[in-house]
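Here the structure comes first, spelled out in structure tokens, and everything after it is commentary.
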Number of protein chains: 2
Amino acid sequence: MNEILPNISIDNAIFGFANGELKILLIKRDKQPELDRWSLPGGYVYYNENMDDASRRLLHELTGISNLFLSRVDVFGDTDRYPDRRVISVLYCALVKPEQFELLAGAHAKKVKWFEVKGIKKLPFDHNNMIDTALSWLRDEIWRKPVLINLLPEKFPLNQMHDLFQAFLHETIDNRNFRKKVISQELVERLNEKTTGGKQRPAYLYRLKRK
Amino acid sequence: MNEILPNISIDNAIFGFANGELKILLIKRDKQPELDRWSLPGGYVYYNENMDDASRRLLHELTGISNLFLSRVDVFGDTDRYPDRRVISVLYCALVKPEQFELLAGAHAKKVKWFEVKGIKKLPFDHNNMIDTALSWLRDEIWRKPVLINLLPEKFPLNQMHDLFQAFLHETIDNRNFRKKVISQELVERLNEKTTGGKQRPAYLYRLKRK
DNA sequence: CCAAAAGTGTTCAGCATACACCCATGC
DNA sequence: GCATGGGTGTATGCTGAACACTTTTGG
């Protein structure tokens with residue numbers, strides 16, 4: 001049977017990051033409640049579907065985005081968080097390059113669009129709270145888990161990763177200490193390849209470990 | 001309406017600790033599936049009931065225990081974790097004195113009993129995994145949250161807390177460093193009272209901060 | 001040989017650990 | 001006055017932060 005579970009939902013907080021700007025992906029709802037309002041892309045879980053799979057499927061259905069590294073963040077279970085009936089929601093998040101995906105409003109989404117995170121207005125349900133929670137989770141886990149994996153190519157020089165960290169965390173990080181830290185914590189591993197075609201000294205390429 | 005949500009459950013991992021022995025509270029199930037097997041006390045959430053309230057109510061109904069400091073640990077959502085139908089479960093845990101409570105097998109529990117954690121056999125569902133998860137969560141959070149609150153009286157001398165930490169973590173902890181740590185991290189606050197009636201020097205009493 | 005980015009090592013400070021003695025009371 | 005548990009301060013090592021110069025390539 002492929003029914004949905006009526007009391008369990010998934011919400012996805014997908015952050016887009018480019019040129020130091022942090023955006024959040026919202027869809028315009030095509031159904032009640034909160035018809036026509038912008039909200040996080042989410043929905044219900046199928047009976048035979050794991051949470052992780054549901055998160056992935058819903059994101060693809062609603063926005064056209066697929067093949068992401070998504071992380072489970074938390075569960076939101078207040079009795080009044082959803083007006084129509086009791087629904088608890090599991091929150092997932094990811095960090096991506098906005099220009100990398102062609103957005104396609106799918107089933108139950110009239111539109112899909114990136115919004116700047118600062119300046120976000122009140123969203124339906126507890127979605128503002130979810131965005132805050134996901135963002136602080138990301139800033140916290142960035143040193144432990146490969147949450148930047150969607151923002152980097154498979155192989156990259158360490159300085160590219162360094163630039164990303166600094167931009168995302170809004171702070172300058174000493175380059176030597178950065179290298180020592182990500183290597184000693186085994187966030188990355190060095191490959192036996194170097195960049196070519198650059199106009200300067202070639203750099204070793206690294207790869208994120210999925211852990 | 002006071003129906004249950006059929007696809008969301010709560011499980012409680014209640015650890016009993018006394019004389020250096022760690023026990024886990026199990027009930028003997030009085031219904032299918034897994035009739036007559038020992039498992040964690042858990043059950044379903046009511047439509048209008050918050051997760052925290054549900055955890056508390058179920059624990060009381062099944063075992064007679066009430067008025068505990070319970071913490072949410074994690075969510076278990078695999079499609080095959082429960083045989084009859086799809087159920088995701090939210091895990092709560094607590095640490096108590098086993099002798100403090102009179103165990104009363106209530107609705108849906110034929111018996112309630114403490115079992116030594118080491119030597120626990122295979123339990124139904126993913127309950128072994130839940131016990132492991134809860135235990136490492138506790139050992140991790142013990143320095144940050146008042147998880148020992150159910151094991152201590154409201155006011156206690158620091159050495160009593162020190163003994164508890166050592167026993168629970170199976171390690172000796174320097175007394176001076178212990179005092180410095182729990183005070184600087186604001187886990188406890190000192191009262192203007194001292195023990196009386198002891199046969200030695202009176203000790204200052206402390207209280208856990210709920211944070 | 002010059003420009004541009006890559007790569008590397010050492011010093012310093014702050015925090016957690018190790019450790020031993022004096023104190024207050026009851027008997 | 002002595003036995004019992006209560007209470008405190010200092011020296012040390014380690015980890016994380018600050019900091020500047022040399023290396024390699026392309027043009």
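Just so it is clear: chains get the letters A, B, ... in the order the sequence lines come, proteins before strands, and each one is counted from 1.
- A residue-by-residue look at K199(A) and P202(A) shows that K199(A) has its nearest nucleotide of DNA chain C further toward the 5' end.
- Rounded to an integer number of Å, the gap from CZ of R201(A) to P of dG27(D) is 17 Å.
- At a cut-off of 3.5 angstrom, the base of dA20(D) holds at least one donor-acceptor pair with the side chain of R176(A).
- Summary of the strand contacts: K181(A) and Q200(B) both lie near DNA chain D, and taking for each the nucleotide with the nearest heavy atom, the more 5' one is attributed to Q200(B).
- Ring geometry, H162(B) versus F178(B): the interplanar angle falls from 30° to 60°, so the pair is classed tilted.
- Per the geometry, NE2 belonging to H162(B) stands 13 Å off C1' belonging to dG5(D), to the nearest Å.
- Among the nucleotides dC19(D), dG7(D), dT4(D), the one closest to any side-chain atom of D174(A) is dC19(D).
- In this structure, R37(A) does not pair ionically with D30(A), as no charged nitrogen and carboxylate oxygen lie closer than 4.0 Å.
- Judged by a 6.0 Å distance limit and a 45° cone about the ring axis, R190(A) is positioned over the six-membered ring of Y204(A).
- Geometrically, R139(B) engages F168(B) in a cation-pi contact, judged by NZ or CZ lying under 6.0 Å from the ring centre and within 45° of the ring axis.
- Interface limits on DNA chain C: the 5'-most and 3'-most nucleotides within less than 4.0 Å of chain A heavy atoms are dA4(C) to dT10(C).
- Atom CG in N177(B) sits about 16 Å away from atom P in dT12(D), given to the nearest Å.
- Every side-chain contact (heavy atoms from CB on, under 4.5 Å) that I65(B) has, sequence neighbours left out, goes to L25(B), L59(B), T63(B), L68(B), F101(B), L103(B).
- Within 6.0 Å of the NZ atom in K111(A), the count of heavy atoms belonging to other residues, nucleotides or ligands does not exceed 12.
- Here the C1' atom of nucleotide dT8(D) and the NZ atom of K180(B) are 9 Å apart, to the nearest Å.
- Of the candidate nucleotides dT24(D), dT8(D), dT10(D), dT8(D) has the atom lying nearest to any side-chain atom of N175(B).
- Across the protein-nucleic acid pair, R179(A) atom CZ and dC19(D) atom C1' stand 16 Å apart, rounded to whole Å.
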